[in-house]
Number of protein chains: 2
Amino acid sequence: MRARPYHHGDLRAALLSLAEQTLRERGPAELSLRELAREAGVSPAAPSRHFKTKQALLDALALEGFQRLTTALDASLERAGEAFGDRLSGLARTYLDFAITNTALLDLMYGRKHDPDATAELVAATHRLKNLATDLIESGQRGGQVRPGPVERQAVPLMVALQGLTALALTGGFTQEQLDQGVDETIAFILRGYAP
Amino acid sequence: MRARPYHHGDLRAALLSLAEQTLRERGPAELSLRELAREAGVSPAAPSRHFKTKQALLDALALEGFQRLTTALDASLERAGEAFGDRLSGLARTYLDFAITNTALLDLMYGRKHDPDATAELVAATHRLKNLATDLIESGQRGGQVRPGPVERQAVPLMVALQGLTALALTGGFTQEQLDQGVDETIAFILRGYAP
DNA sequence: CTACATTGTTATCACCGCTTACATTCGAGT
DNA sequence: ACTCGAATGTAAGCGGTGATAACAATGTAG
């Protein structure tokens with residue numbers, strides 16, 4: 001019977017996975033490198049080979065989150081038809097769904113984002129997200145469902161709505177039903193606001 | 001020359017004030033009870049007389065934040081005239097201003113809010129905030145500037161917009177000018193959406 | 001097969017939040 | 001004015017944390 005091998009195999013991935021689980025189940029405050037090491041069955045100093053600091057681990061986790069989110073949003077747009085309303089509604093619901101099922105991760109993502117010394121990769125990831133919104137608005141303008149005007153400005157209400165919906169969903173103390181209604185209401189509201 | 005007196009005088013207030021300063025300048029992660037005690041010129045265990053745990057300190061800070069915010073919002077409504085647009089615009093700008101000048105504090109406020117074991121006082125404070133929004137919408141309906149419908153639903157887009165605006169303002173990477181334009185745009189957008 | 005890079009371990013540091021037992025001061029009731 | 005309990009502060013110590021440095025085992029390229 002082989003004892004536990006000296007080398008873990010894929011400690012980096014294991015740490016990220018365990019970290020996300022802990023984040024999800026017990027919140028960011030409870031996340032300890034030493035505990036992750038224990039759970040992974042390695043010594044307390046081992047994680048430092050893969051993540052120089054705790055912050056580096058969190059950054060990697062946030063980056064992974066951004067990747068998963070943009071993937072989901074891309075897929076949603078892929079699924080949707082041509083109609084602007086459908087695309088917008090699908091985007092909003094996908095975003096909201098991600099927010100609800102990955103609350104702590106999303107918090108981490110946005111929390112890290114406005115830290116002055118965030119990774120360049122992280123900043124890039126957020127830009128990609130922003131582009132998704134402006135692209136949608138722009139195509140809506142081409143199709144005539146969105147009033148003309150500078151995209152940079154026109155896209156703001158959409159991003160506001162997305163951020164706001166998730167914020168409410170996460171902190172609001174709403175029932176699931178209220179929430180669904182609120183989403184419907186808000187999407188209708190947005191479309192009305194964008195109408196030419 | 002008297003040595004430092006055995007009793008601090010108002011340690012509780014001093015701790016809260018120092019804590020807010022630290023929160024503002026160095027973020028929530030850097031906040032340590034021991035350090036606060038050092039800065040207040042008191043032994044490491046002294047704070048525990050006023051705040052049993054670190055979380056209790058943070059809760060007190062968050063509560064203070066809610067009080068200051070609702071005060072500011074009340075004042076804004078007081079200042080504004082009767083016109084629905086003005087009231088809404090004033091409310092939004094006041095909220096946003098608070099968010100920008102008290103970023104970390106607001107984060108703390110909302111972060112604590114959806115924690116299962118939050119103080120009853122905290123929950124009450126957030127409800128007061130929610131009422132402010134529904135009241136505004138309701139009065140808008142009475143005045144005929146807001147389409148009729150259940151207030152509970154109609155108020156959602158407003159709260160969404162407030163939350164979303166602050167979220168964007170804090171994490172967005174916008175210039176001040178872009179932000180001002182975005183606020184204008186969003187407020188116009190909201191009014192259009194609420195129009196009967 | 002050897003030399004080097006990678007990955008893990010051990011040991012140690014300084015710091016943290018929290019608790020317990022003890023010291024000082026304040027203030028209310030006589 | 002005195003006393004005595006409540007409030008407030010101190011000292012010491014526990015277990016936990018993130019980080020680092022020195023050392024050991026393993027993988028791998030030449």
Side-chain angles (χ1 to χ4, degrees), chain A residues 1-23 25-62 104 108 111-112 115-119, chain B residues 1-23 25-62 104 108 111-112 115-119:
Chain A
M1 180 160 92
R2 300 254 312 112
R4 178 157 46 80
Y6 190 90
H7 285 286
H8 175 282
D10 197 353
L11 182 55
R12 187 191 148 94
L15 287 174
L16 279 176
S17 162
L18 286 170
E20 197 200 333
Q21 189 182 339
T22 305
L23 195 63
E25 293 171 1
R26 311 209 325 253
E30 304 287 333
L31 210 160
S32 134
L33 283 183
R34 289 179 108 100
E35 185 173 345
L36 290 180
R38 275 193 300 271
E39 287 172 4
V42 295
S43 81
S48 75
R49 294 291 171 196
H50 303 274
F51 305 101
K52 199 146 197 220
T53 74
K54 186 180 185 177
Q55 198 55 249
L57 205 199
L58 294 179
D59 283 356
L61 216 48
L108 179 66
R112 269 317 274 165
D115 189 304
D117 41 56
T119 312
Chain B
M1 183 160 91
R2 299 256 308 114
R4 177 158 48 80
Y6 190 91
H7 285 285
H8 175 283
D10 197 353
L11 182 55
R12 187 191 150 94
L15 287 174
L16 279 176
S17 162
L18 286 170
E20 196 199 334
Q21 188 181 338
T22 304
L23 195 63
E25 292 171 1
R26 311 207 328 252
E30 304 286 335
L31 209 161
S32 132
L33 283 182
R34 288 178 111 100
E35 185 174 346
L36 289 180
R38 275 193 299 270
E39 288 171 4
V42 104
S43 83
S48 75
R49 294 289 171 198
H50 303 274
F51 305 101
K52 199 149 194 221
T53 74
K54 186 180 185 178
Q55 198 55 250
L57 205 195
L58 294 179
D59 283 355
L61 215 48
L108 179 66
R112 270 315 275 163
D115 189 304
D117 42 57
T119 311

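Protein chains get the first letters and strands the later ones, always in sequence-line order, with residue 1 at the start of each.
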(message) Within the structure provided, determine whether B/Leu16 and B/Phe51 are in side-chain contact (heavy-atom separation under 4.5 Å).
(response) yes

(request) Starting at atom CG of A/Leu36, determine the distance to atom P of D/dG16, rounded to an integer number of angstrom. (result) 16 Å

(request) Answer yes or no: side-chain N or O of A/Arg34 and base N or O of D/dG18 forming a donor-acceptor pair under 3.5 Å. (result) yes

(request) With rounding to the nearest 0.5 Å, note down the distance linking NE2 in B/His50 to CG in B/Leu11. (result) 4.0 Å

(request) Could you please name the option among C/dT9, D/dA19, C/dT7 that lies closest to any side-chain atom of A/Ala46? (result) C/dT9

(message) In this structure, how many angstroms lie between the P atom of D/dA21 and the NZ atom of A/Lys52, rounded?
(response) 9 Å

(request) Search all heavy atoms of A/Glu30 against all heavy atoms of A/Glu35 and return the closest pair with its distance. (result) O-OE1, 4.1 Å

(message) Return the NZ to CG distance between A/Lys54 and A/Leu36, rounded to the nearest 0.5 Å.
(response) 8.5 Å

(request) Select from B/Leu11 and A/Gln55 the residue whose nearest nucleotide in DNA chain D is closer to the 5' end of that strand. (result) B/Leu11

(message) Return the CG to CG distance between A/Leu61 and A/Leu31, rounded to the nearest 0.5 Å.
(response) 8.0 Å

(request) Report the distance from atom CD of A/Glu30 to atom P of C/dC16, rounded to the nearest whole Å. (result) 19 Å

(request) Could you please name the option among D/dT20, D/dA19, D/dT10 that lies closest to any side-chain atom of A/Lys54? (result) D/dA19

(message) Given C/dG17, D/dG18, C/dT19, identify the nucleotide with an atom nearest to the side chain of B/Ser32.
(response) C/dG17

(request) Could you state the atom-to-atom distance from CG of B/Asp10 to C1' of D/dT8 in whole Å? (result) 12 Å

(message) Does B/Leu57 reach a base, just sugar-phosphate, or nothing at all? Heavy atoms under 4.0 Å.
(response) nothing

(message) As a test of reading the structure: which of D/dA12, C/dT9, C/dG17 is closest to the side chain of A/Ser43, going by heavy atoms?
(response) C/dT9

(message) What is the separation between atom CG on A/Leu33 and atom C1' on D/dA19, rounded to the nearest whole Å?
(response) 10 Å

(request) Let me know the distance between NE2 of A/His50 and P of C/dT9, rounded to the nearest Å. (result) 10 Å

(request) When you get a sec, tell me which of D/dT17, C/dT7, C/dC16 is the closest nucleotide to the side chain of B/Arg38? (result) C/dC16

(request) Measure from the side chain of A/Glu35, starting at C-beta and using heavy atoms only, and say which of C/dG17, C/dT7, D/dT17 lies closest. (result) D/dT17

